[in-house]
Structure formats: structure tokens, C-alpha cells
Amino acid sequence: MFRARLPAVAPLALVLLALSGCSVLGCTDTTAKRGKADVGVQVVDTDVRPLGVTAAVVGWRLEPHPQVPAEGDRVHFRFRFDGAEQSARVVDACAVDKERVALGCQKVYSSQAFGPADDPLTGDDWLTVEHPEQVAGVLLIPNDQSYDRRTCGVDPKDGGGMHPPETPNRGDQL
């Protein structure tokens with residue numbers, strides 16, 4: 001009699017486990033593919049769906065940072081976010097050489113784009129590179145970095161899933 005009920009109860013037990021957030025197969029982390037870096041990008045989520053936000057580098061130059069001029073030239077760049085007024089977005093900005101090899105990268109937040117008054121959607125930041133004379137441009141990577149869910153290692157029950165790509169390292173080809 002017990003054998004007859006087991007096949008009927010097993011699917012119900014699996015449904016209850018799935019609804020409770022438990023996974024019979026375990027937790028897995030995956031990383032989204034890095035999008036193509038460019039001067040202007042359409043910001044995308046981890047499924048490469050456009051988020052209705054564009055980001056663009058609107059200018060850059062080499063100059064000493066005013067707070068640490070003795071450290072020599074850095075890459076001072078201006079950027080613009082359009083469509084991010086109601087949502088905070090984050091993309092990676094990288095100084096690159098003429099072969100599009102990353103010389104230095106960091107995250108740029110749409111919340112940094114707050115002025116000047118004549119162009120309130122722009123902001124500026126500084127990139128530190130080892131050899132400023134090699135900089136040929138500043139590129140943005142379209143993958144939104146604003147939300148990175150917990151990993152399986154941190155939260156095996158509710159973590160896992162798709163994560164944005166890592167910030168490029170010095171020497172990565174973009």
C-alpha cells in the first residue's frame with residue numbers, strides 16, 4: 001500500500017520544495033557575457049535587454065588631479081547618462097590604448113551625473129593609469145552593474161543565478 005502512494009506523493013513534495021525556495025538541483029552562479037565597449041552604449045541587463053538608459057563619454061583629457069597634482073597625469077573624463085533619472089545605473093568605464101586594451105577601469109554611477117546646471121545629466125571622474133601617454137580613449141561597457149544578486153557561496157538558498165560581468169582588468173582586450 002505504501003508503494004502505491006509514493007509515486008503520487010513524490011511530485012507533490014517536489015512542488016512544495018520548489019515553492020519554498022529550495023532547489024533539488026542546488027544553487028548555480030553564472031556570469032553574463034561582457035557587452036561591446038564603446039564611447040556611447042545602450043545600458044543592458046544580464047539578459048542583454050535594453051534598460052532604456054544610454055551612457056556616453058562626452059570628453060576626456062590627460063591632466064593632474066587637482067587634489068594630488070604631484071602624482072602626474074590622470075585621465076579626466078566627462079560622461080552623460082540619459083534615461084536614468086528614475087533609476088540608478090552603473091557601468092564600467094575604461095581608459096584604453098589604440099588596440100582597445102584596458103589600461104585602467106572603474107565603475108561609473110548615474111548618480112554622479114548631476115551637473116553643471118547647463119547640462120545636469122553629465123558628470124566627471126578620474127581614471128588612474130600606469131602610462132597615461134598610451135591612452136587613446138575612454139570606453140564604456142554596456143552591462144548594468146547596479147544590481148548584483150548574492151552568490152551561491154554567500155546564500156545557497158536564495159543566491160545564484162545570472163550576475164553581471166566583472167569589471168575588466170588592466171590588459172583585458174575590449
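These values consider heavy atoms only, across backbone and side chains, with no hydrogens, waters or symmetry-generated copies. Here the structure is a predicted model, which is why all the values come from computation and not from measurement. For this chain, numbers begin at 1 and follow the sequence in order.
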Checklist entry - Can you get from Val57 to Tyr109 by hopping between Ile, Leu, Val, Met, Phe, Trp and Tyr side chains that sit under 4.5 Å apart? => result no
Next on the checklist: Distance check, rounded to the nearest 0.5 Å: Thr54 atom OG1 versus Gln42 atom CD?
Outcome noted: 6.5 Å
Item to check | Short N-O contact, Asp124 and Arg78, less than 4.0 angstrom | outcome: no
Next on the checklist: If you define the side chain from C-beta out and look only at heavy atoms, does anything of Glu133 sit under 4.5 Å from Val135?
Outcome noted: no
Next on the checklist: Nearest 0.5 Å, please: how far is CZ in Phe114 from OG1 in Thr122?
Outcome noted: 9.5 Å
Checklist entry - Can you say whether the rings of Phe79 and Phe77 are parallel (under 30°), tilted (30 to 60°) or perpendicular (over 60°)? => result tilted
Checklist entry - About how many Å separate OG1 of Thr30 and NE2 of His163, when rounded to the nearest 0.5 Å? => result 6.5 Å
Checklist entry - Are side-chain heavy atoms of Arg34 and Leu174 found at a separation under 4.5 Å? => result yes
Next on the checklist: Pair Val91, Lys107 - check side chain to side chain contact (heavy atoms under 4.5 Å, CB included), show working.
Outcome noted: CA-CA 6 Å; Val91 295; Lys107 293 186 183 335; over 6 Å; no
Checklist entry - Between the main-chain N or O of Val48 and the side-chain N or O of Asp45, is there a donor-acceptor pair closer than 3.5 Å? => result yes
Next on the checklist: Between Val75 and Val129, is the side chain to side chain contact (heavy atoms under 4.5 Å, CB included) condition met? List the steps.
Outcome noted: CA-CA 8 Å; Val75 182; Val129 297; 4.2 Å; yes
Checklist entry - In a check of side chain to side chain contact (heavy atoms under 4.5 Å, CB included) between Phe81 and each of Val108, Val90, Leu121, which one passes? => result Val108
Item to check | Path from Val39 to Val53 over hydrophobic side-chain contacts below 4.5 Å | outcome: yes
Checklist entry - Is a salt bridge present between Asp155 and Lys157, judged by a nitrogen-to-oxygen distance below 4.0 Å? => result no
Next on the checklist: Are more than 12 heavy atoms, taken from residues, nucleotides or ligands other than Glu166, located less than 6.0 Å from that residue's CD atom?
Outcome noted: no
Next on the checklist: Under a 3.5 Å cutoff, is there a donor and acceptor pairing between the side chains of Gln106 and Asp92?
Outcome noted: no
Checklist entry - Ion pair present between Glu130 and Arg170, side-chain N to carboxylate O less than 4.0 angstrom? => result yes
Next on the checklist: Is any side-chain heavy atom of Val101 closer than 4.5 Å to one of Val96?
Outcome noted: no
Next on the checklist: Before you tell me yes or no, could you show the steps for Leu127 and Cys105 under side chain to side chain contact (heavy atoms under 4.5 Å, CB included), namely the whole-Å CA-CA distance, both residues' side-chain angles and the distance that decides it to 0.1 Å?
Outcome noted: CA-CA 7 Å; Leu127 288 163; Cys105 300; 5.5 Å; no
Next on the checklist: What verdict does the side chain to side chain contact (heavy atoms under 4.5 Å, CB included) test give for Arg100 and Leu139, after you've listed the backbone C-alpha separation in whole Å, the side-chain angles of each residue and the deciding distance to 0.1 Å?
Outcome noted: CA-CA 9 Å; Arg100 295 176 57 103; Leu139 302 178; 3.7 Å; yes
Checklist entry - Okay, side chain of Asn143, backbone of Pro165: is any donor-acceptor separation there less than 3.5 Å? => result no
Item to check | Cluster check Val41, Leu51: I/L/V/M/F/W/Y, side chain < 4.5 angstrom | outcome: yes
Item to check | Nearest heavy-atom neighbours spanning Pro168 and Cys94 | outcome: CG-SG, 3.8 Å
Item to check | Over 12 non-hydrogen atoms of neighbours within 6.0 angstrom of CD in Gln173 | outcome: yes
Checklist entry - Heavy-atom distance under 4.5 Å between the side chains of Glu63 and Trp126, does that happen here? => result yes
